[in-house]
Amino acid sequence: MAQVPPTFFDALAVRTWCGLALKALGRAREEIDAINVYPVADGDTGTNLYLTLESAATAVEAVFAGYETGPALPSLADAMRAMAHGALIGARGNSGTILAQLLRGMAQVLAAGEEPHTDGTGLGLALRQAADSARDAVAHPVEGTVLTVASAAADAAGLDGGEGDCGTVVRAAHDGARAALAATPDRLSVLRRAGVVDAGGLGLVAVLGALVEAVTGEPAPEPAGGGAVSPGAPGSVPEGAPDPHARVEAATGVPCAEDASADDAPCTDGREEGGPAFEVIYLLEAGDEAVARLRQRLDTLGDSLVVVGGDGLWNVHVHVDDAGAAVEAGVEAGRPYRIRITHFGLGDVHTGAERPPREPAQRAVVAVVPGEGLAGLYAEAGATTVLARPGEPPASGELVQAVRRAHAREVVLLPNDAELRHTAAAAAEQARREGVRVALIPTRSAVQGIAALAVHEPGRRFDEDVVQMTSAAGATRHAEVTVAEHESWTSAGICQAGDVLGLIDGDVAVIGSDVTATAETLLDRMLRAGGELVTLVTADEVPPAVTDHLESHVRESYLAVDTVVYRGGRQGALLLIGVE
């Protein structure tokens, strides 16, 4: 990632911020979900924030992709508008909708002109506008929530009188947000009873921490104590009930399932008794006056009302008992679409598209594959595939769509890439909310996925099948042969552009000049520890003579080892190797 001087904030800083924030929310997603007790204890705040930010980051990358053929870069205004718009159209849940408005508020300041960058004063003003516009978007603001954390960040950013550089401003904002987050249990009784801080506020602190790192190049300090209130502090949970499930129960009075497993979202039926039954979200094309009337109408129907956006496009979020009335109000105001209605505790009941009338299968496998050849191989084995083209990793929404296409009660998800771990986890969480039982097997290569798929037996109990598939994937070492794009330091030394690199389990082990020789060296190193089966997956540009040589080498040097070869198509790496 490009390093941004702390004096200015420009389009590259926006791009860097998006990437770092997405990673930060990926790391913190499960903890944020676990402490989610307000406004509804439905265990999805971290997932919703991640999905919202993922949409924002995708929009920013699309803007930069449009400039790849020329020498110019996007302007700060272009990047911030894209980030805000991406968050708006992808906003999920109460927390994601508020995050979208925070970003829109920043964009209103930073995209006001066409300057290539802004200084600390501009960044401070943007944070102020973000906090104020988010508060205005919420029908009934409550203190002790993400709104309080956002306001504290803006207050702290403005204390230097506008004289600080960008680094000073974002550090101050992050410090102010951390302090406000720690105090949220003192301002909101439901948090104090649960012994947690506000989940949305914790997510915002993670996003602001990423902003600090994007501007200064230095990691921001973590929130003290994570999401839980320190033992003995006001609102701490009784001894013997320290886990997030117990905190949710203490706050809401609604017990979690006693036999909750790792496949279940925590406390998904944690709605306070008497609260609205449905969450309704939709995008809306409408004018300002119609939206003002819509706000009044929805405010009489339910609570947790947040309406964000502008310039004719809005994202509407509300909790109601009469979901139909909430949608009808949107129809009266303009054109609602991407309508999503969720019954708390029962998952999605409407996604804007008709569900297939056929009976769902009992079990399916969904896998990410790097090339068309492997997609065909996986499909022949009965898997639903998502194609990951070189440089274009799938978003979590694509994985969720694949789970829906599989149309099964139980799904085994194979990401087949270490970099997709957080993306796949977010997709699995969303699918679970829609009523699908999902097990995520953390496969890091397509060859590990092949090994898992080879032992898959739909007739077994789900847990037993997942254990066997996980064991097979874990027992498969993986390697790949690729070409270096530029000079860089590696664990095997310095490589030059054009060198052939051999990686074992993700680390560079061999630097060579010949594909065949490099692959042979990799095989020898991997087979020293033993093995029964070698899997070779070749890209289109690799001639058959290469695999013929490798097959002969294995057959002559390792008598008890079998070899299978597949054509992977355009898969990025020249050669994928698996040793079971």
Side-chain angles (χ1 to χ4, degrees), residues 1-2 19 23 68 368-374 387-394 415-421 423 442-451 473-531 533-554 557-558 561 563-580:
M1 290 187 179
K23 290 182 179 179
E68 285 182 353
V368 181
V369 291
E372 296 88 346
L374 279 181
L387 189 62
R389 296 176 177 85
E392 299 179 22
N416 291 340
D417 187 338
E419 294 298 320
L420 291 178
R421 180 166 58 95
T423 300
T443 48
R444 295 176 292 169
S445 170
V447 291
Q448 288 188 322
I450 292 173
T476 302
R477 298 192 69 191
H478 62 94
E480 66 178 75
V481 177
T482 188
V483 176
E485 296 181 356
H486 48 76
E487 179 183 359
S488 64
W489 288 88
T490 76
S491 53
I494 301 175
C495 72
Q496 305 296 326
D499 282 348
V500 178
L501 304 181
L503 292 79
I504 297 178
D505 295 338
D507 294 323
V508 177
V510 181
I511 300 175
S513 58
D514 179 75
V515 172
T516 304
T518 301
E520 185 176 311
T521 302
L522 287 179
L523 280 169
D524 288 338
R525 292 192 183 186
M526 297 173 76
L527 288 169
R528 283 175 194 161
L533 177 66
V534 170
T535 301
L536 303 175
V537 183
T538 63
D540 283 344
E541 57 266 42
V542 177
V546 173
T547 51
D548 290 344
H549 174 85
L550 296 175
E551 280 189 281
S552 297
H553 176 71
V554 172
S557 303
Y558 306 95
V561 179
T563 304
V564 293
V565 179
Y566 303 109
R567 301 296 294 183
R570 293 170 294 176
Q571 63 182 23
L574 295 175
L575 182 66
L576 300 177
I577 303 173
V579 174
E580 297 180 46

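Scored by the side chain to side chain contact (heavy atoms under 4.5 Å, CB included) test, T476 finds Q448, A451, E580 as partners (sequence neighbours excluded). For P394, the side chain to side chain contact (heavy atoms under 4.5 Å, CB included) criterion is met by V368, V386, A388, E398, L399, L420, not counting sequence neighbours. For V565, the side chain to side chain contact (heavy atoms under 4.5 Å, CB included) partners are L536, T547, E551, T563, not counting sequence neighbours. Residues passing the side chain to side chain donor-acceptor pair (under 3.5 Å) test with R567, sequence neighbours excluded: T538. Remark: T490 pairs with no residue by the side chain to side chain donor-acceptor pair (under 3.5 Å) rule, at least two apart or across chains.
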Check against side-chain contact (heavy atoms from CB on, under 4.5 Å), L374 and V537: CA-CA 8 Å; L374 279 181; V537 183; 3.8 Å; yes
Pair V483-L574, side-chain contact (heavy atoms from CB on, under 4.5 Å): steps then yes or no: CA-CA 8 Å; V483 176; L574 295 175; 3.7 Å; yes
Chi angles and distances behind the side-chain contact (heavy atoms from CB on, under 4.5 Å) call for V447, I577: CA-CA 7 Å; V447 291; I577 303 173; over 6 Å; no
Evaluation steps, side-chain contact (heavy atoms from CB on, under 4.5 Å), between V534 and V564: CA-CA 6 Å; V534 170; V564 293; over 6 Å; no
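Nearest heavy-atom pair, L550 versus A519, reported as atom, atom and distance to 0.1 Å: CD1-CB, 3.8 Å. Across all their heavy atoms, P370 and A446 have their closest contact at CD-CB, 3.8 Å. The two residues T518 and G512 come nearest to each other via the heavy atoms OG1-CA, 3.8 Å. Considering all non-hydrogen atoms of both residues, L576 and A573 come closest at CD2-CB, 3.9 Å.
Among pairs with a residue in residues 513-524, none fulfils salt bridge (Lys or Arg N to Asp or Glu O under 4.0 Å), at least two apart in sequence or across chains.
Taken to the nearest 0.5 Å, the CZ atom of R528 stands 7.0 Å off from the OH atom of Y558.
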Donor-acceptor pairs are to be reported for all side-chain atoms of residues 498-510 against protein atoms at under 3.5 Å, with residues two or more places apart or in another chain.
| residue | atom | partner | partner atom | Å |
| --- | --- | --- | --- | --- |
| D499 | OD2 | Q496 | N | 2.8 |
| D505 | OD1 | H478 | N | 3.2 |

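Contact annotation: the side chain of P442 never approaches that of P415 to less than 4.5 Å [non-hydrogen atoms, C-beta and beyond].
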